[in-house]
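Notes for the one structure printed next.
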Amino acid sequence: MFVSLLLGLHALAVVRASVGGTFDDCEQFMYKGTAPLWLEDHSLKRICQRFADRPRYATLYDTANHIPVYSAYSFKRSDGAKRVDVPWMFEPQLAQDKSRSEMQPFPQGDYHQNFEDTQAVLSDYIYAFSFERGQLNPDPHQADPNDKAATYTLTNIVPQVREFNIGPWAQHENMIRMRLNNYCRGTAYVVTGVTTSGNMIRRNEVARVAIPKYMWSAYCCTNYDRNAPNSEKSKFPAHAAYGLNARTDNEVVELTVKGLENFLKESMSVDKNIQIFYHNCIA
(Lines give C-alpha, C1' and ligand atoms only; values in the text may rest on other atoms or scores of the structure.)
Protein backbone atom coordinates (compact mmCIF):
# COMPACT_ATOMS: atom_id res chain seq x y z
CA MET A 1 0.00 0.00 0.00
CA PHE A 2 1.02 3.64 -0.44
CA VAL A 3 2.66 5.27 2.55
CA SER A 4 3.75 8.88 2.16
CA LEU A 5 7.50 9.50 2.24
CA LEU A 6 6.77 12.85 3.86
CA LEU A 7 5.09 11.47 6.97
CA GLY A 8 6.18 13.70 9.84
CA LEU A 9 7.33 12.91 13.35
CA HIS A 10 4.64 13.40 15.97
CA ALA A 11 4.12 12.25 19.53
CA LEU A 12 3.36 8.55 19.79
CA ALA A 13 2.87 5.88 22.41
CA VAL A 14 5.92 3.66 22.84
CA VAL A 15 6.33 0.65 20.57
CA ARG A 16 8.24 -2.27 21.96
CA ALA A 17 9.56 -5.30 20.09
CA SER A 18 11.20 -8.48 21.27
CA VAL A 19 13.93 -9.88 19.05
CA GLY A 20 15.19 -13.42 19.34
CA GLY A 21 15.24 -16.94 18.00
CA THR A 22 11.52 -17.64 18.36
CA PHE A 23 8.14 -16.01 17.89
CA ASP A 24 6.88 -17.21 21.27
CA ASP A 25 5.27 -13.88 22.18
CA CYS A 26 3.57 -13.59 18.79
CA GLU A 27 2.17 -17.07 18.23
CA GLN A 28 -1.39 -15.72 18.27
CA PHE A 29 -0.78 -14.10 14.87
CA MET A 30 0.02 -17.41 13.17
CA TYR A 31 -2.30 -20.26 12.30
CA LYS A 32 -2.12 -22.89 15.07
CA GLY A 33 0.62 -20.76 16.63
CA THR A 34 3.13 -22.00 14.07
CA ALA A 35 5.51 -19.83 12.05
CA PRO A 36 6.12 -20.51 8.36
CA LEU A 37 8.69 -23.24 7.72
CA TRP A 38 11.64 -21.22 6.40
CA LEU A 39 15.41 -21.44 6.06
CA GLU A 40 17.50 -20.62 9.10
CA ASP A 41 20.25 -18.03 8.62
CA HIS A 42 22.29 -15.94 11.03
CA SER A 43 21.17 -12.74 9.29
CA LEU A 44 17.45 -13.51 9.77
CA LYS A 45 16.03 -12.20 13.03
CA ARG A 46 12.57 -12.90 14.42
CA ILE A 47 10.87 -9.78 15.76
CA CYS A 48 7.70 -9.76 17.82
CA GLN A 49 6.46 -6.25 17.11
CA ARG A 50 4.91 -4.66 20.19
CA PHE A 51 2.98 -1.46 20.63
CA ALA A 52 1.79 0.01 23.94
CA ASP A 53 2.99 -3.10 25.80
CA ARG A 54 1.10 -5.56 23.58
CA PRO A 55 2.32 -7.75 20.74
CA ARG A 56 0.78 -6.71 17.40
CA TYR A 57 2.37 -8.96 14.72
CA ALA A 58 5.52 -10.89 13.84
CA THR A 59 8.30 -10.12 11.35
CA LEU A 60 11.20 -12.15 10.00
CA TYR A 61 13.85 -9.51 9.30
CA ASP A 62 16.94 -9.75 7.11
CA THR A 63 19.66 -7.72 8.82
CA ALA A 64 22.02 -8.12 5.84
CA ASN A 65 19.62 -6.76 3.20
CA HIS A 66 17.82 -4.42 5.62
CA ILE A 67 14.29 -5.49 4.75
CA PRO A 68 11.67 -7.82 6.23
CA VAL A 69 11.38 -11.23 4.57
CA TYR A 70 7.78 -11.49 5.73
CA SER A 71 5.34 -10.15 8.30
CA ALA A 72 2.67 -12.40 9.81
CA TYR A 73 -0.47 -10.82 11.27
CA SER A 74 -4.10 -11.42 12.04
CA PHE A 75 -6.49 -9.48 9.85
CA LYS A 76 -9.01 -7.20 11.57
CA ARG A 77 -12.31 -6.11 10.01
CA SER A 78 -11.61 -2.64 8.71
CA ASP A 79 -13.09 0.21 6.69
CA GLY A 80 -9.72 0.67 4.99
CA ALA A 81 -8.89 3.99 6.62
CA LYS A 82 -5.24 4.88 7.16
CA ARG A 83 -3.51 6.63 10.03
CA VAL A 84 -1.61 9.78 9.13
CA ASP A 85 -0.28 10.87 12.52
CA VAL A 86 2.36 8.21 13.14
CA PRO A 87 6.14 8.72 13.01
CA TRP A 88 8.44 6.22 11.35
CA MET A 89 10.26 4.03 13.86
CA PHE A 90 13.35 1.85 14.18
CA GLU A 91 14.20 -1.23 16.25
CA PRO A 92 16.88 -0.65 18.95
CA GLN A 93 17.14 -4.40 19.64
CA LEU A 94 18.64 -4.90 16.18
CA ALA A 95 21.40 -2.44 17.07
CA GLN A 96 24.67 -3.30 18.79
CA ASP A 97 23.50 -1.37 21.81
CA LYS A 98 20.52 -3.38 23.03
CA SER A 99 20.07 -1.45 26.27
CA ARG A 100 16.67 -0.20 25.11
CA SER A 101 13.91 -2.71 24.48
CA GLU A 102 11.37 -0.26 23.12
CA MET A 103 11.03 0.63 19.46
CA GLN A 104 11.54 4.34 19.00
CA PRO A 105 10.67 7.11 16.55
CA PHE A 106 13.69 7.98 14.45
CA PRO A 107 15.81 10.61 16.22
CA GLN A 108 17.02 13.87 14.75
CA GLY A 109 20.58 14.23 13.52
CA ASP A 110 23.04 11.43 12.81
CA TYR A 111 22.13 9.11 15.68
CA HIS A 112 20.94 6.53 13.11
CA GLN A 113 24.60 5.76 12.41
CA ASN A 114 24.55 3.80 15.66
CA PHE A 115 22.17 1.18 14.26
CA GLU A 116 22.12 1.41 10.46
CA ASP A 117 24.41 -1.63 10.08
CA THR A 118 21.52 -3.97 10.87
CA GLN A 119 18.42 -2.16 9.60
CA ALA A 120 17.14 0.42 7.15
CA VAL A 121 17.01 4.06 8.19
CA LEU A 122 15.12 7.05 6.86
CA SER A 123 18.15 8.31 4.94
CA ASP A 124 18.02 5.20 2.76
CA TYR A 125 14.71 6.33 1.27
CA ILE A 126 15.24 10.08 0.94
CA TYR A 127 16.64 9.99 -2.61
CA ALA A 128 14.98 6.75 -3.70
CA PHE A 129 12.43 8.67 -5.74
CA SER A 130 11.16 5.66 -7.69
CA PHE A 131 10.07 3.81 -4.56
CA GLU A 132 7.43 4.06 -1.88
CA ARG A 133 7.61 2.57 1.59
CA GLY A 134 5.38 -0.47 1.25
CA GLN A 135 4.00 -2.11 4.40
CA LEU A 136 3.92 -5.91 4.58
CA ASN A 137 1.38 -5.68 7.38
CA PRO A 138 -0.69 -2.86 5.86
CA ASP A 139 -2.38 -0.24 7.98
CA PRO A 140 -5.81 -0.76 6.26
CA HIS A 141 -5.82 -4.45 7.32
CA GLN A 142 -6.01 -3.35 10.94
CA ALA A 143 -8.83 -1.62 12.85
CA ASP A 144 -7.60 -0.67 16.32
CA PRO A 145 -5.59 2.59 16.27
CA ASN A 146 -2.71 0.94 18.14
CA ASP A 147 -2.61 -2.02 15.74
CA LYS A 148 -2.50 0.45 12.86
CA ALA A 149 0.21 2.58 14.46
CA ALA A 150 2.44 -0.44 15.01
CA THR A 151 2.71 -0.97 11.23
CA TYR A 152 4.74 2.24 10.81
CA THR A 153 8.18 0.81 11.49
CA LEU A 154 10.86 0.34 8.85
CA THR A 155 11.16 -3.27 10.01
CA ASN A 156 7.74 -3.76 8.33
CA ILE A 157 8.70 -1.81 5.19
CA VAL A 158 10.12 -2.71 1.77
CA PRO A 159 10.82 -0.44 -1.22
CA GLN A 160 7.97 -0.82 -3.69
CA VAL A 161 8.00 0.66 -7.16
CA ARG A 162 5.50 3.51 -7.01
CA GLU A 163 3.38 2.37 -9.96
CA PHE A 164 3.04 -1.13 -8.46
CA ASN A 165 2.51 0.13 -4.92
CA ILE A 166 -0.37 2.49 -5.65
CA GLY A 167 -1.77 0.39 -8.50
CA PRO A 168 -2.02 -3.43 -8.64
CA TRP A 169 -0.74 -4.12 -5.12
CA ALA A 170 -2.98 -1.55 -3.45
CA GLN A 171 -5.94 -2.91 -5.41
CA HIS A 172 -5.09 -6.45 -4.28
CA GLU A 173 -4.81 -5.42 -0.62
CA ASN A 174 -8.20 -3.73 -0.82
CA MET A 175 -9.79 -6.75 -2.54
CA ILE A 176 -8.46 -9.06 0.19
CA ARG A 177 -9.73 -6.64 2.84
CA MET A 178 -13.23 -6.75 1.39
CA ARG A 179 -13.16 -10.53 0.86
CA LEU A 180 -12.13 -11.22 4.45
CA ASN A 181 -14.53 -8.58 5.78
CA ASN A 182 -17.43 -10.19 3.93
CA TYR A 183 -16.77 -13.92 4.12
CA CYS A 184 -14.30 -14.77 6.90
CA ARG A 185 -16.29 -15.55 10.06
CA GLY A 186 -13.35 -16.33 12.32
CA THR A 187 -9.72 -15.20 12.49
CA ALA A 188 -7.86 -14.69 9.24
CA TYR A 189 -4.12 -15.21 9.43
CA VAL A 190 -2.05 -13.42 6.80
CA VAL A 191 1.61 -13.76 5.81
CA THR A 192 3.02 -11.24 3.35
CA GLY A 193 6.58 -11.21 2.09
CA VAL A 194 9.06 -10.64 -0.70
CA THR A 195 11.60 -12.26 -2.97
CA THR A 196 14.80 -10.45 -3.95
CA SER A 197 17.19 -10.66 -6.89
CA GLY A 198 20.24 -8.68 -5.76
CA ASN A 199 19.13 -5.18 -6.76
CA MET A 200 19.72 -2.64 -4.00
CA ILE A 201 18.99 0.94 -3.07
CA ARG A 202 22.37 2.61 -2.67
CA ARG A 203 23.33 5.50 -0.43
CA ASN A 204 26.72 7.17 -0.69
CA GLU A 205 27.75 4.42 -3.12
CA VAL A 206 26.97 1.72 -0.54
CA ALA A 207 24.35 -0.98 -1.15
CA ARG A 208 21.83 -0.42 1.60
CA VAL A 209 18.32 -1.86 1.05
CA ALA A 210 17.29 -4.82 -1.08
CA ILE A 211 14.63 -4.09 -3.68
CA PRO A 212 12.00 -6.85 -3.83
CA LYS A 213 11.57 -8.56 -7.17
CA TYR A 214 8.18 -9.98 -6.21
CA MET A 215 5.67 -9.26 -3.48
CA TRP A 216 3.59 -12.20 -2.26
CA SER A 217 0.83 -12.77 0.26
CA ALA A 218 -1.30 -15.62 1.61
CA TYR A 219 -4.20 -15.88 4.04
CA CYS A 220 -5.81 -18.68 6.03
CA CYS A 221 -9.38 -18.54 7.39
CA THR A 222 -10.93 -21.89 8.29
CA ASN A 223 -14.20 -20.45 9.62
CA TYR A 224 -15.80 -18.85 6.56
CA ASP A 225 -19.23 -18.32 5.03
CA ARG A 226 -20.23 -21.60 3.31
CA ASN A 227 -22.99 -19.70 1.51
CA ALA A 228 -20.58 -17.30 -0.18
CA PRO A 229 -20.68 -17.10 -3.99
CA ASN A 230 -18.73 -19.94 -5.58
CA SER A 231 -16.24 -17.46 -7.02
CA GLU A 232 -15.34 -16.43 -3.46
CA LYS A 233 -15.93 -19.72 -1.63
CA SER A 234 -13.34 -21.38 -3.87
CA LYS A 235 -10.74 -19.06 -2.32
CA PHE A 236 -11.27 -20.46 1.18
CA PRO A 237 -10.00 -21.63 3.56
CA ALA A 238 -6.71 -20.36 2.09
CA HIS A 239 -5.51 -18.52 -0.97
CA ALA A 240 -2.46 -16.58 -2.14
CA ALA A 241 -1.09 -14.13 -4.67
CA TYR A 242 2.12 -12.63 -6.00
CA GLY A 243 3.06 -9.71 -8.23
CA LEU A 244 6.14 -8.28 -9.93
CA ASN A 245 7.45 -5.17 -8.19
CA ALA A 246 7.83 -3.17 -11.39
CA ARG A 247 6.36 -0.28 -13.36
CA THR A 248 4.88 -2.55 -16.05
CA ASP A 249 3.84 -6.21 -16.39
CA ASN A 250 2.97 -6.02 -12.70
CA GLU A 251 -0.39 -7.77 -12.59
CA VAL A 252 -1.10 -9.53 -9.30
CA VAL A 253 -1.72 -13.24 -9.87
CA GLU A 254 -3.96 -15.21 -7.51
CA LEU A 255 -3.21 -18.89 -6.91
CA THR A 256 -3.35 -21.60 -4.27
CA VAL A 257 -1.04 -21.48 -1.29
CA LYS A 258 0.67 -24.64 -2.55
CA GLY A 259 1.15 -22.91 -5.89
CA LEU A 260 2.75 -19.95 -4.12
CA GLU A 261 5.05 -22.24 -2.16
CA ASN A 262 6.21 -23.84 -5.42
CA PHE A 263 6.74 -20.38 -6.89
CA LEU A 264 8.86 -19.37 -3.89
CA LYS A 265 10.99 -22.52 -4.22
CA GLU A 266 11.81 -21.43 -7.75
CA SER A 267 12.37 -17.79 -6.86
CA MET A 268 14.44 -17.76 -3.67
CA SER A 269 16.26 -19.87 -1.12
CA VAL A 270 13.66 -21.48 1.10
CA ASP A 271 13.29 -24.76 2.96
CA LYS A 272 12.54 -27.56 0.49
CA ASN A 273 9.56 -28.38 2.69
CA ILE A 274 8.36 -24.79 2.90
CA GLN A 275 4.94 -24.48 4.50
CA ILE A 276 3.41 -21.05 4.98
CA PHE A 277 0.54 -22.33 7.15
CA TYR A 278 0.60 -25.28 9.53
CA HIS A 279 -0.92 -28.37 7.91
CA ASN A 280 -1.75 -26.26 4.87
CA CYS A 281 -4.49 -24.40 6.75
CA ILE A 282 -6.60 -27.51 7.28
CA ALA A 283 -8.60 -27.26 10.48
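We number each residue from 1, following the sequence as shown. Since this is a predicted model, take the numbers as computed values, not measurements.
- Phe106 approaches Ala120 most closely through the heavy-atom pair CZ-O, 3.9 Å.
- A salt bridge between Asp25 and Arg50 is present, with a side-chain N of the basic residue lying under 4.0 Å from a carboxylate O of the acidic one.
- With respect to Tyr70, the side-chain contact (heavy atoms from CB on, under 4.5 Å) criterion is satisfied by exactly one of Asn137, Val194, Val191: Val191.
- Counting only heavy atoms from C-beta outward, the side chains of Val121 and Phe90 never approach each other to under 4.5 Å.
- Separation of atoms CG (Leu260) and CD (Glu254) is listed at 11.5 Å; rounding is to 0.5 Å.
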Would Val257 and Phe277 satisfy side-chain contact (heavy atoms from CB on, under 4.5 Å), going step by step from the backbone distance to the final call?
CA-CA 9 Å; Val257 174; Phe277 299 115; 4.3 Å; yes

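- Connection of Leu44 to Ile276 is established within a shared hydrophobic cluster, with ILVMFWY side chains joined at heavy-atom distances below 4.5 Å, either directly or through further cluster members.
- Taking both residues in full, the closest heavy atoms of Arg56 and Ala150 are given as CG-CB, 3.7 Å, listed atom of the first, atom of the second, then distance.
- Using a distance-only test at 3.5 Å, with no hydrogens or angles considered, no donor-acceptor pair links the side chain of Tyr214 to the main chain of Ser267.
- Between Glu132 and Tyr125 the shortest side-chain heavy-atom distance does not fall below 4.5 Å.
- Using a 4.5 Å heavy-atom threshold, the side chains of Arg133 and Pro159 count as separate.
- Salt-bridge check for Arg203 with Glu116: passed, with a basic side-chain N closer than 4.0 Å to an acidic carboxylate O.
- For Glu251, there are no salt bridge (charged side-chain N to carboxylate O under 4.0 Å, His left out) partners, not counting sequence neighbours.
- Here the side chain of Thr196 pairs no donor or acceptor atom with the backbone of Gly198 at under 3.5 angstrom.
- Although no hydrogens or angles enter the test, the distance criterion places a donor-acceptor pair under 3.5 Å between the side chain of Gln275 and the main chain of His279.
- In this structure a side-chain-to-backbone donor-acceptor pair under 3.5 Å is present from Lys148 to Asp139.
- A donor-acceptor pair is defined here as one N or O able to donate and one able to accept, closer than 3.5 Å; such a pair exists between the side chain of Tyr61 and the backbone of His66.
- Under the 4.5 Å side-chain heavy-atom criterion for Ile, Leu, Val, Met, Phe, Trp and Tyr, Leu37 and Leu264 are members of distinct hydrophobic clusters.
- For Gln119 and Thr63, the side-chain atoms include no donor-acceptor pair closer than 3.5 Å.
- One N or O on the side chain of Arg202 and one on the backbone of Glu205 form a donor-acceptor pair closer than 3.5 Å.
- Residue Arg77 qualifies as enclosed at atom CZ: its count of foreign heavy atoms under 6.0 Å is above 12.
- Side chain of Asn245 to main chain of Val161: a donor-acceptor pair is present (N/O by atom type, distance under 3.5 Å, no hydrogens or angles).
- The shortest distance between side-chain heavy atoms of Glu91 and Thr153 does not fall below 4.5 Å.
- Rounding to the nearest 0.5 Å places CE of Met30 at 9.0 Å from CD of Gln28.
- With rounding to the nearest 0.5 Å, the separation of OH in Tyr31 from OG in Ser74 is 15.0 Å.
- Val270 approaches Leu39 most closely through the heavy-atom pair C-CG, 3.5 Å.
- The closest side-chain heavy-atom distance from Lys82 to Pro140 is below 4.5 Å.
- Nearest heavy atom pair, residue Leu154 against residue Pro68, reads O-CD, 4.4 Å.
- Residues Arg208 and Asp124 are paired through a salt bridge, judged by an N-O separation under 4.0 Å between the basic side chain and the carboxylate.
- Gly243 approaches Trp169 most closely through the heavy-atom pair N-CZ3, 4.3 Å.
- Within the structure, salt bridge (Lys or Arg N to Asp or Glu O under 4.0 Å) pairs that include any residue of residues 228-244 comprise Arg179-Glu232 (at least two apart or interchain).
- Checked against a 6.0 Å centroid threshold, the rings of Phe263 and Trp216 do not count as neighbours.
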side-chain contact (heavy atoms from CB on, under 4.5 Å) between Thr59 and Leu136, worked out:
CA-CA 9 Å; Thr59 299; Leu136 297 190; 5.9 Å; no

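- Linking Ile, Leu, Val, Met, Phe, Trp and Tyr whenever their side-chain heavy atoms come within less than 4.5 Å puts Leu122 and Val209 in one cluster.
- Residue Lys76 places its NZ atom among more than 12 non-hydrogen atoms of other residues, nucleotides or ligands, all under 6.0 Å distant.
- Of the possible polar contacts, one joining the Asp144 side chain to the Asn146 backbone as a donor-acceptor pair under 3.5 Å is found.
- Between the side chains of Thr151 and Asn156, no donor-acceptor pair of N or O atoms lies under 3.5 Å.
- Residues Phe164 and Arg247 form no side-chain contact, since every pair of their non-hydrogen atoms from C-beta on lies 4.5 Å or further apart.
- A perpendicular orientation is assigned to the rings of Tyr127 and Phe129, their planes being inclined by more than 60° (bins at 30° and 60°).
- When all heavy atoms of Gln160 and Gly134 are compared, the closest pair comes out as OE1-CA, 3.3 Å.
- By the 4.5 Å side-chain criterion applied to Ile, Leu, Val, Met, Phe, Trp and Tyr, Ile176 is assigned to a cluster that also includes Tyr57, Tyr73, Phe75, Met175, Leu180, Tyr183, Val190, Tyr219, Tyr224, Phe236.
- For Ser217, the side chain to side chain donor-acceptor pair (under 3.5 Å) partners at least two apart in sequence or on another chain are Thr192.
- Looking at residues two or more places apart in sequence or on another chain, you find no ring-ring contact (aromatic ring centres under 6.0 Å, His included) involving Phe29.
- Shown here are the ring-ring contact (aromatic ring centres under 6.0 Å, His included) partners of His239, two or more places apart in sequence or in another chain: there are none.
- If you chain together hydrophobic residues whose side chains sit under 4.5 Å apart, Ile274 and Tyr242 fall into the same group.
- Rounded to the nearest 0.5 Å, atoms CD (Glu163) and CZ (Phe131) are 10.0 Å apart.
- Remark: Arg185 engages Asp225 in a salt bridge, criterion side-chain N to carboxylate O under 4.0 Å.
- The main-chain N or O of Asn174 is never found under 3.5 Å from a side-chain atom of His141 such that the two would form a donor-acceptor pair.
- With hydrogens and angles disregarded, no donor-acceptor distance shorter than 3.5 Å links the side chain of Lys258 to the backbone of Leu255.
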Between Glu261 and Asn280, is the side-chain contact (heavy atoms from CB on, under 4.5 Å) condition met? List the steps.
CA-CA 11 Å; Glu261 291 169 347; Asn280 297 315; 4.3 Å; yes

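- Between Ser78 and Gln142 there is no side-chain heavy-atom pair separated by less than 4.5 Å.
- Proximity of Cys220 to Pro237: side-chain heavy atoms (C-beta onward) are nowhere separated by under 4.5 Å.
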